[in-house]
> 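Here it is, the structure in full.
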Amino acid sequence: GQSLEQPSEVTAVEGAIVQINCTYQTSGFYGLSWYQQHDGGAPTFLSYNALDGLEETGRFSSFLSRSDSYGYLLLQELQMKDSASYFCAVRSRGKLIFGQGTELSVKP
Amino acid sequence: NAGVTQTPKFQVLKTGQSMTLQCAQDMNHNSMYWYRQDPGMGLRLIYYSASEGTTDKGEVPNGYNVSRLNKREFSLRLESAAPSQTSVYFCASSEWRERTDTQYFGPGTRLTVL
C-alpha cells in the first residue's frame, strides 16, 4: 500500500520561512506533488517533483530525495494569505494518494 | 473554460436515500477521480477512472458506485446513504506524464446524511 506522513500543524510569523516535510512509502513511485487548500475551498496545485532536487516557483520551492523517500515544501516571505492546509501526494499506479495535510497558521 | 464542475454544491439526505453526484470537465483529460474529505482530514480516494470506459476502486469504495459516462463526465452514486458518508466530495481530473502532474479539482459537494 501507500502511506504519507507530514506534520499536522505548523505555526510561523509573517515574513518568515517555513518548511513542511513529507515522507512516503509507495510502490511504483512517479513523483511527489504539493497542494494548497484554504478553508472551505478546493485543493489547488502548487508543485511537482519527479526528479531529485529543488523546484522553485516564486516564493514556494519543493524538494525531493527519491533515495530517502522524502520531500519538503519551502515557503518563503510568509504572508497571512498563506494560512491554509498543505498536502503532499504521490502518484502510484495511476492514482494520486494524499497525505493527511499540514495546517499552516501564519501569525502577524 | 469552466475546468471541473460539480453538482449539487450542497445536499441533505436521510439515511437510506440514494443520490448521484455529477462531475464534468472540459480540459479533455483522460483521468478522473472522486475523493471524500472529512473534517480536519486529508483527501481519500473513492474511485478513479484512468480513461473512458474504465473505473477502479480507491482507498474507500464501499457504499459507492461510479459511472464514466464519456470522456467529460464521471458520476458518483450513493445507493443507500449512511451518516458515515457525511463528508465533502471532490471530483478531480488530470492528464499526467512522467515529468508533469497537475490535478484539477471541482468546488466540492457538501453532503449531510441524517
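By convention in this document, chain letters (A, B, ...) are assigned in the order of the sequence lines, proteins followed by strands, and residues within each chain are numbered from 1. All figures in this text were calculated on a predicted structure; none of them were measured in a lab. Computation of the quantities below employed the complete heavy-atom set of this structure, encompassing side-chain atoms and omitting hydrogens, waters and symmetry-equivalent molecules.
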> With the threshold set at 4.0 Å, does a side-chain nitrogen-carboxylate oxygen contact exist between B:Asp56 and A:Lys95?
no
> Just by modelled atom types, is the B:Arg68 backbone N or O under 3.5 Å from a matching donor or acceptor in the B:Ser49 side chain?
no
> Flag the one option from B:Asp101, B:Val88, B:Val4 with the top tally of heavy-atom pairs under 4.5 Å to chain A.
B:Asp101
> Students often mix this up, so state it plainly: with edges at 30° and 60°, are the rings of B:Tyr35 and A:Phe98 parallel, tilted or perpendicular?
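Rings of B:Tyr35 and A:Phe98: perpendicular, over 60°.
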> Can you tell me which of A:Ser47, A:Gly40, A:Gly99, A:Gly101 forms the most heavy-atom pairs within a distance under 4.5 Å of chain B?
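Ranked by heavy-atom pairs under 4.5 Å with chain B, first place is A:Gly40.
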> So, for B:Tyr64 and B:Tyr47, is the gap between ring centers shorter than 6.0 Å?
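Ring-ring flag for B:Tyr64/B:Tyr47: false, centres at least 6.0 Å apart.
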> Does any heavy atom of chain A fall under 4.5 Å from the side chain of B:Arg110, the backbone, both, or neither of them?
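Interface part for B:Arg110: side chain.
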> Measure B:Leu43 against the heavy atoms of chain A and call it side chain, backbone, both or neither at under 4.5 Å.
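Both parts, backbone and side chain.
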> Check whether B:Thr102 gets within reach of chain A through its side chain, its backbone, both or neither, counting any heavy atom under 4.5 Å.
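Contact with chain A: backbone and side chain both.
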> Could you check whether the rings of A:Tyr72 and A:Phe63 sit parallel, tilted or perpendicular, using 30° and 60° as the cut-offs?
parallel
> Is B:Tyr104 close to chain A through its backbone or its side chain, or both, or neither, when contacts mean heavy atoms under 4.5 Å?
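B:Tyr104 has no heavy atom closer than 4.5 Å to chain A.
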> Measure up the A:Phe29 and A:Tyr24 rings against each other and bin them: parallel (under 30°), tilted (30 to 60°), perpendicular (over 60°).
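A:Phe29 and A:Tyr24: parallel rings.
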> If I measure from the heavy atoms of chain B, does A:Gln37 come under 4.5 Å with its side chain, its backbone, both, or neither?
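Side chain of A:Gln37 only, per the 4.5 Å heavy-atom cut-off to chain B.
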